[in-house]
Amino acid sequence: MGIVVPNSVDLSSTDKENGVVQSPEVLDAGALFVLKSRGSWLHCGYHLTTSIVGPVIFSFPFALSLLGWAPGVLITTLQALVTFYSYNLLSVVLEHHALLGKRQLRFRDMARDILGPRWSKYFVGPLQIAICYGAVIGCILLGGQSLKFIYLLYNQSGKMQLYHFIIIFGAVPLFLAQIPSFHSLRHINLASLLLCLAYSAFVTAGSVHIGNSKNAPIKDYSIKGSKENRILGAINGISIIATTYGCGIIPEIQATLAPPVKGKMFRGLCICFAVIVSTYFSVAISGYWAFGNQSQPTVLSNFMAEERPLLPTWFLLVTNIFTLMQLVTITVVRTLH
């Protein structure tokens, strides 16, 4: 619902000092959504964490089972370092262009300035939308599965089908998506940060408990399969780890920062990666230690043995509720972009 979309937001010297941007009449709805630039570096950290950290980390023990101890931990560490450096470098480039009078609010704005309008319109824009759209669908499906799991914990003979729970879950982010600006999500994203810390702690504790219990599986850390399968499995494991660090809305998050923005994105990234290190490595190492090469694509599946839970029902219930609540926040963020 835009009228004129400039290559980027042009700022005068006075505007740059005061943090004022071009008149809203020349910006489309997507730009206006991220242009409420009142956020602090703390808010930036909340947004970054929600956009990166999610229940996909439950796949880390499975990824390590495809790679082994040393390669798995090494790749996870290297990916964290490379991603942190890349995101910080991108934020510095955005700061530089803003100082030159060209404030870029989205990836498509960057592509328009760097590659030209056709690349922005026909490649970068659709690609970003497709990634966010796919993430929204995945989160809604996963949310529906979590709701059904909670339902079956207390009603194993229940007749409700998965699509019922998908519809119920999808209605919640649909309501929350009416929020007027990205900055308005700061409190929701703080809750998301706390929730991912909570369910990661529960999953880590659950894995350690099962690993030390009499029902613990035999700890075998060898990589299963033929040579060809091990090679394909290693590629699969690397791709799982790499995708967990992805964030497609770095410029949009930086656009929410109140001027001056210098150094704020770096501090926000430090918050985000502190959460990443504490959650990714704890879930990956504890899950792989407990289940070895028997790790399932999601570690929560390892908490069930022949349809019988290895942990108390309340423990599984709380873990899934925390996961479900954070999925709502991730879905909202992806929906709005």
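Owing to the predicted nature of the structure, the values given are computational and were not obtained by experimental measurement.
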Could you please spell out the steps behind the side chain to side chain contact (heavy atoms under 4.5 Å, CB included) verdict for Leu115 and Phe123?
CA-CA 10 Å; Leu115 301 174; Phe123 181 73; 5.8 Å; no

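- Residues Gly287 and Val299 come closest through the heavy atom pair CA-CG2, 4.4 Å.
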Check step by step if ring pair (Phe, Tyr, Trp, His ring centres under 6.0 Å) holds for Tyr288 and Tyr221.
CA-CA 8 Å; Tyr288 186 48; Tyr221 303 114; 5.2 Å; yes

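- Taking the side chain as every heavy atom from C-beta outward, Met160 and Ile168 approach each other to under 4.5 Å.
- Residue-environment remark: NZ (Lys262) stays at or below the threshold of 12 foreign heavy atoms within 6.0 Å.
- At distances below 3.5 Å, not a single donor-acceptor pair connects side-chain atoms of Gln296 with backbone N or O atoms of Asn302.
- Ile210 and Phe62 are not part of a single hydrophobic cluster, where members link through side-chain heavy atoms under 4.5 Å apart.
- Hydrophobic clustering of Ile, Leu, Val, Met, Phe, Trp and Tyr side chains at less than 4.5 Å, counting indirect connections, keeps Ile276 apart from Val82.
- Not a single donor-acceptor pair under 3.5 Å links the side chain of Lys219 to the backbone N or O of Asn293.
- Using a 4.5 Å cut-off on side-chain heavy atoms (C-beta onward), Val318 and Tyr199 make no contact.
- Two residues are said to be in side-chain contact when any heavy atoms from C-beta on lie closer than 4.5 Å; Leu67 and Ile241 meet this criterion.
- Closest non-hydrogen pair, Pro61 versus Ile57, comes out as CD-O, 4.0 Å.
- A donor-acceptor pair under 3.5 Å is formed between the side chain of Ser295 and the backbone N or O of Gly292.
- Using a 4.5 Å cut-off between side-chain heavy atoms of Ile, Leu, Val, Met, Phe, Trp and Tyr, with links allowed through other members, Val275 and Leu42 fall into the same hydrophobic cluster.
- Side-chain contact between Leu90 and Met110: present, with at least one pair of heavy atoms (C-beta onward) separated by less than 4.5 Å.
- Residues Leu311 and Met304 are not in side-chain contact: their nearest non-hydrogen atoms beyond the backbone lie 4.5 Å or more apart.
- The aromatic rings of His47 and His43 sit tilted relative to each other, their planes meeting at an angle between 30° and 60°.
- Both Trp314 and Leu195 are part of a single hydrophobic cluster, where members link through side-chain heavy atoms under 4.5 Å apart.
- Put simply, Leu64 and Ile231 are part of two different groups of oily side chains (I, L, V, M, F, W, Y) that touch within less than 4.5 Å, one to the next.
- For the residue pair Gly54 and Ile330, the shortest heavy atom distance occurs at CA-CD1, 3.7 Å.
- Thr204 contributes atom OG1, which lies 14.5 Å from atom NE2 of His209 (distance to the nearest 0.5 angstrom).
- Asn189 places no side-chain N or O within donor-acceptor distance of the main-chain N or O of Thr329, the cut-off being under 3.5 Å.
- From Leu300, atom CG reaches atom CG of Asn320 across 6.0 Å, with rounding to the nearest 0.5 Å.
- For the residue pair Cys247 and Ser51, the shortest heavy atom distance occurs at SG-OG, 3.2 Å.
- For the atom pair CZ of Arg267 and CH2 of Trp41, the computed distance is 6.0 Å after rounding to the nearest 0.5 Å.
- Side-chain contact between Cys196 and Thr49 is present, with at least one heavy-atom pair separated by less than 4.5 Å.
- Taking both residues in full, the closest heavy atoms of Ser207 and Trp289 are given as O-CZ3, 4.1 Å, listed atom of the first, atom of the second, then distance.
- Atom-to-atom distance recorded for Ile240:CD1 and Ser59:OG is 5.5 Å, nearest 0.5 angstrom.
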I would like to know whether Asp109 and Ser120 meet side chain to side chain contact (heavy atoms under 4.5 Å, CB included); could you show each step before the answer?
CA-CA 7 Å; Asp109 299 327; Ser120 171; 6.0 Å; no

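- Once rounded to the nearest 0.5 Å, the distance linking CG of Leu316 with CG of Leu310 reads 8.5 Å.
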With side chain to side chain contact (heavy atoms under 4.5 Å, CB included) as the criterion, how do Val332 and Ile188 come out once you've worked through the C-alpha distance, each side chain's angles and the decisive distance to 0.1 Å?
CA-CA 10 Å; Val332 171; Ile188 293 177; 5.6 Å; no

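- Inter-residue side-chain proximity for Ile223 and Ser65 is flagged as unmet; no heavy-atom pair is nearer than 4.5 Å.
- Val124 and Ala111 get closest at one heavy-atom pair: CG2-CB, 3.5 Å.
- Among residues two or more places apart in sequence or in another chain, the ring-ring contact (aromatic ring centres under 6.0 Å, His included) test is passed with Phe84 by Phe266, Phe273.
- His164 places a side-chain N or O within 3.5 Å of a backbone atom of Gln161 that can act as its donor or acceptor partner.
- Atom CD1 of Ile253 is separated from atom CG of Leu269 by 8.5 Å, given to the nearest 0.5 angstrom.
- Proximity of Cys44 to Met265: side-chain heavy atoms (C-beta onward) are separated by under 4.5 Å at one or more points.
- Other residues, nucleotides and ligands contribute over 12 non-hydrogen atoms within 6.0 Å of the CG atom of Leu89.
- Pairs of residues two or more places apart, or lying in two chains, that qualify as side-chain hydrogen bond (donor to acceptor under 3.5 Å, both in side chains) and include a residue from residues 68-84 are Gln79-Thr83.
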Please test Phe169 against Leu327 for side chain to side chain contact (heavy atoms under 4.5 Å, CB included), starting from the C-alpha separation and ending with a verdict.
CA-CA 9 Å; Phe169 178 85; Leu327 277 171; 3.8 Å; yes

Mind listing the side-chain donor-acceptor pairs of residues 131-153 below 3.5 Å, one per line with the distance, residues two or more places apart or on another chain?
{"residue": "Ser146", "atom": "OG", "partner": "Leu142", "partner atom": "O", "Å": "3.2"}
{"residue": "Tyr151", "atom": "OH", "partner": "Asn155", "partner atom": "ND2", "Å": "3.3"}
{"residue": "Tyr151", "atom": "OH", "partner": "Lys159", "partner atom": "N", "Å": "3.4"}

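- Judged by distance alone, the side chains of Thr50 and Ser192 do bring a donor and an acceptor atom under 3.5 Å apart.
- The aromatic rings of Tyr280 and Phe60 lie tilted to each other, with the angle between the two planes from 30° to 60°.
- Checked options Phe303, Phe322, Phe202; the residue passing with Phe315 is Phe202 (criterion: ring-ring contact (aromatic ring centres under 6.0 Å, His included)).
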